[in-house]
Amino acid sequence: MVAPNAAGEYDSVALEESIMKRWKENQTFARSIEYRRDGKPFIFLEGPPTANGRPGIHHVVARTYKDLVCRWKTMEGYLVERKGGWDTHGLPVEIEVQKRLDLMSNDAIMEFGMEKFNEECRNSVWTYEDAWRKMSERMAFWVDLDNPYVTLHNDFIESSWWALKQMFEKDLLYRGYKVLPYCPQTGTSYSSHEVALGYKEVEEPSVYVKFKLEDDDASILAWTTTPWTLPGNVGLAVGPEVTYCRVRISEEAGNWDGRGGAKVGEEVILAKDLLKEVMRHHVEIISEFPGSELVGKAYIPLFPGAVDRGESKTAWTVVSADFVTTSDGTGVVHTAVMYGEDDYNLGREVGFPEVHTVGMDGAFVEGIHSELDGKYVKDCDDIIINLLTDSNKLYREKMYVHDYPHCWRTGHPLLYYGMESWFVRMTAVKERLLEFNDQVEWAPDWVGEGRFGEWLRNVKDWAISRERFWGTPLPVWRSEDGEMKCIGSIEELQHEVEKANAAGVENPTCPDDVDLHRPIVDDFVLISESGSLMKREPFVMDCWFDSGCAFFAQWHYPFENEDKITDAFPIDYICEGVDQTRGWFYTLLAVSTTVFDSICYKRCLSLGLILDKDGKKMSKSKGNVVDPWDHFNKEGADSSRWYMVTAGAPWNPLKFDPDGVRETYAKFFLTLWNVYKFHADYAALDGFDPEEDILPVEKRPELDRWILSRASTVAKEYQNQFINWDFHKACRDLEDFVINDFSNWYVRRSRRRLWDEATNDDKRACQHTLHEVLSLVCKLTAPVAPFMVDEIYSNLNGDSVHLSHWPIQDEGALPPQDLSLESKMELVRSLAETGRRIRVKAKRRQRLPCNEGWIVGGPDLGVFHEILAEELNVENISTVNELDKFQQIELSPNRKMLGKKCRQDLPSVLEAISSADPNSTWEEIQAGTCKLAGYEITSEDVELRRVEKSGFAAETITFSENDEDLDVSLVLDMQITPELASKGLARDIIRRIQQKRKDLGLDIEENIELTVWLSDGNPELLDNDWKHLQNETRAGAAKLELGTGPNDSEEFEVDDSKIYFKVN
RNA sequence: GGGCGGGUAGCUUAGCUUGGCUGGAGCACCCGGCUGAUAACCGGGAGGCCGCAGGUUCAAAUCCUGCCUCGCCCA
């Protein structure tokens, strides 16, 4: 091993870039995996981002947590392979292409050509791949992007097909309807985020409709904002617990506005709470009853013949539904099965006929009503209202203002429309899902138990098909009479194509590398067992299905890599934003449960959202998006990563404050670098070899043993915090250690030890200690902020820190701990601080020494007296036990004990304690005879405090060791002697001259010529101190004069008298 | 409308599980000190209806109830 190089200044960006280069040249990432080849695997799965969006700061956050766990586990000795992945299918891709090529409807796409369109999609997927690569590399996210899994690759699709077939064979796949927001103008249904693009406030007619009961004169009143759904009405829903009433119109209404009405004597039924809201007539209440009494009653259809009853027994009857409320309407919900999600679910549940009254073109189908057939539904509101009015079925109309989703492309209102769709029967495996979820270690646990658990308890069947073009095609072929085949591999497809060809179908060729996308797969026609032609169901899969298959499809399982599932499944760790709870976290579990009947991942870290510094969501439109490069190019990736991890718990929302990154840079990294620089510069100068002349720890001074012990303690706690997912606490503690213990105390106290030019034991001890602590800090920091510490570690140890071993597991790897030494040093530091506080209060300059200092109480600090004398600027430190000389006692109540004993009398007892004489009371307490305010007071009820007597400057602090609180006092002697005054004066002058030297930019070694003028008020400067002054300031030639200095001399004041000096 | 989480100093936050001495820290601000020690450090100061309102208790930031508010997810 050779001596380290001198460190140079810290330039984070240049340093990180040079390290990136070094990693590339040395293949450090690959080596970090290879040298763990024999280790136990730790399986990480990368959630695939889509590369057709630019990466943002939130991706940096997620990748930091992915990376740090993988690096940590690697250092621990696990084999952690990291395959990159890309999500390349789905709606966002199609929308991008549609916008670019102005293809605003399905017809336009078909006209353009589906093949060409999909080709455009395939290309557009990679728009930002380079930006992603650069970001990943710059932030040091180690992942294999050269061999990623890609959801559009045939291998991936084939594996997904295989998975679907498993579901199909388990009867978990079925065809049904799903009510979706649909735009008849473009012929497409919309996902929720597209819907969100198009909400508009509109004013529309709403109607209160009278549904005449079959065997009763009364009508039930129902309300709807979509009159066009009324011809499709097949049922009325009431709340079983809601109170309804039957009322009779008792008077004609005056000032009737709009169409509709009711005659005197007519009877209607509605929720009691909404009576005033709805009725425009004076009415008398005939009866009141719960909704359950209405259930089963039949009524006369509004548009007879519009819907075919079919097998349904419940059509045009009242049913009960728990979603019915009395917040608006009449407390009765008109149900048209195909045009509302609640309606559809209710219809399925109670058996209403599932029949469309509206076509895909948005117009009524033939046979509804002569005035409606073939007309666009939104043009029919008026006609329908008139028809109802004419047949006395309308009670009233009311204009209604609400937000309603509109097509973001055409501006037309969307229709909620029941579409053919394929589902995975998740409801059938609900119990297994819950069971598996219980086995997952969630961070934080409330996401698993709460948000995710809640979702699973209410799990619905998963609608996995989309009427789109760019995606994994649904591999189900279907004949007109409903025979179905699900294809699970290319080989099977080829086989089926051959079979069909043999039966006379003319299919295109189906080679081994057939592109599994549309429209190619659409062209294959298969043949059923009974000999009918089968066509592919014209859907693609929800792209969430793709990513849900990633854990096996990334390996092309089961066609290849069987061992990846037998040996490397379930996954050990995944990590994504909390918004993935019902996204990727769910689809992974859904697929693994339905296909493998297994848990999918053992640990899941769910990250909080990233917000701007004001707590607002980052969005392009608000312009508050933080570009990661702003910080990569300024403070660097280390500071960005460390900031993000220390800013809060990973699952809490992160308010990203650019100033926080700067602060991290200035405090943690700059400090660490300067500690390193301090060590490296002297080590380089001295030719220090960390492997030579190692001084055993027990032979090193207390200060060294202390910092080594602290380092051990911090390292162990760091590991515990990591295991508990408390990365933020771990890193905050480490940061505190580096800044306060290591830099501000150890290095500050050790500085002079390295100044000595000759080698000695003390210097060697210090250098080895610095080397060991720095190396340890590097290892601990490496997973979180991998750059700078790699530079430090490599320079000190010759190889990358990322190839080093995590220092925690084996006992011998950490320096010895000495907790009693740690707590003593803590006391020493507190005493040093206390001394400064005493001086401020006593108005005594820090540089003016005190003759004596006494430590009263506490453990033996003999070995630290020298440090304390220096820190406190006291000539002589001693320990004394005679408290009374400096102190008197005070009693302070222990409220916890007294509260239990005295309850409501506590205030009067407290009063009694504070007014009693402490000395005699304490004697009584010890004798067991103390009684105050009627209560017996024992030594447990009070705490004894010692307070300094006047005449000494003193302060008492509490020192805790082994659950015991000890009072320790520091007393300073405040008298001033000529010797002390001289010393203090010398220090003040030295300080000024040193500052001047610094201002002049003088080298540390350089000599100066010095003249000092003392005036009348100054204390005498003794010979010794004058010599010391010359020595410290390297004043080769020095003169001491009396009087006022010339105009070109420097002037300053000490205790109100002036001093002049001049440096040449 | 439902579920989950948050609301503590100008800002970022710790403390809440298990109630108890004066609610702790960092940034920024002011005063002082210290420094051949770095964008550092130390002491002091100012700055807190601990979201609001009730309840439990001798005692509530902490436990309970309701509300307000912000965020996310779902309707």
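Convention: sequence-line order gives letters A, B, ...; per-chain numbering from 1.
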* With heavy atoms under 4.0 Å as the rule, sort A:R749 into base, sugar-phosphate or nothing. => nothing

Rounded to whole Å, the CZ-P distance (A:F585 to B:rC72) equals 17 Å

In Watson-Crick or G-U wobble terms, with both distances under 3.5 Å, the base opposite B:rC72 is B:rG3

Between CG of A:L654 and P of B:rC70 the distance, given in whole Å, is 21 Å

The nucleotide from B:rU13, B:rC11, B:rC74 with an atom nearest the side chain of A:D657 is B:rC11

Nearest heavy-atom approach of A:K655 to A:Y643 is O-OH, 3.2 Å

Checklist entry - If the P atom of B:rG54 is compared with that of B:rA59, how far apart are they to the nearest Å? => result 15 Å

**Prompt:** Can a side chain N or O of A:R751 be found less than 4.0 Å away from OP1 or OP2 on B:rU35?
**Reply:** no

On RNA chain B, more 5' by nearest nucleotide between A:N744 and A:E454 is A:E454

Within a 6.0 Å radius of atom CD on A:Q721, are there more than 12 heavy atoms belonging to other residues, nucleotides or ligands?
yes

Picking from B:rG71, B:rA39, B:rC27, the nucleotide nearest the side-chain atoms of A:L609 would be B:rG71

Rounded to whole Å, the OH-C1' distance (A:Y586 to B:rC4) equals 18 Å

Practice task
For B:rU22 versus B:rU18, give the span between their P atoms, rounded off to a whole number of Å.
Solution key: 24 Å

- Message: Could you check whether any side-chain N or O of A:D741 sits under 3.5 Å from a backbone N or O of A:Y746, counting only pairs where one atom can act as donor and the other as acceptor?
- Response: no

Note to self: Classify A:K667 by what it touches in the nucleic acid, base, sugar-phosphate, or nothing, heavy-atom distance under 4.0 Å.
What the structure shows: sugar-phosphate

### Message
Mind checking if A:Y665 touches a base, just sugar-phosphate, or nothing, with heavy atoms under 4.0 Å?
### Response
base

Taking B:rC11, B:rU38, B:rU13 as options, the one with an atom nearest any side-chain atom of A:T671 is B:rU38

Checking all strands, does A:A832 fall into the base, sugar-phosphate, or nothing category for heavy-atom contacts under 4.0 angstrom? nothing

Winner on side-chain proximity to A:E663, out of B:rC72, B:rG26, B:rA14, is B:rG26

Assert: residue with more 5' nearest nucleotide on RNA chain B, out of A:R847 and A:W446, is A:W446

Heavy-atom closest pair (A:F585 atom, A:L605 atom, distance to 0.1 Å) is CZ-O, 4.1 Å

From CG of A:N652 across to C1' of B:rC72 the rounded distance in Å is 13 Å

Ranking B:rG5, B:rG15, B:rC42 by distance to the side chain of A:N740, first place goes to B:rC42

Rounded to whole Å, the CG-P distance (A:D659 to B:rA39) equals 18 Å

A:D342 CG to B:rG2 C1', in whole Å, measures 13 Å

Margin query: In whole Å, measure the gap between the P atoms of B:rA25 and B:rC41 for me.
Written below: 15 Å

Among B:rC27, B:rA39, B:rU12, the one nearest any side-chain atom of A:K655 is B:rU12

When rounded to whole Å, the CD to P distance for the pair A:E635 and B:rU38 reads 21 Å

Mind checking if A:R662 touches a base, just sugar-phosphate, or nothing, with heavy atoms under 4.0 Å?
nothing

Whole-Å distance, A:K729 NZ to B:rU13 C1', equals 13 Å

inquiry  = A:E717 vs A:K729, test: salt bridge (Lys or Arg N to Asp or Glu O under 4.0 Å). Steps then yes/no.
reply    = CA-CA 10 Å; A:E717 189 54 23; A:K729 291 184 184 170; over 6 Å; no

Original post:
Does NZ or CZ of A:R710 come closer than 6.0 Å to the centre of the six-membered ring of A:F737, within 45° of the ring's axis?
Top reply: no

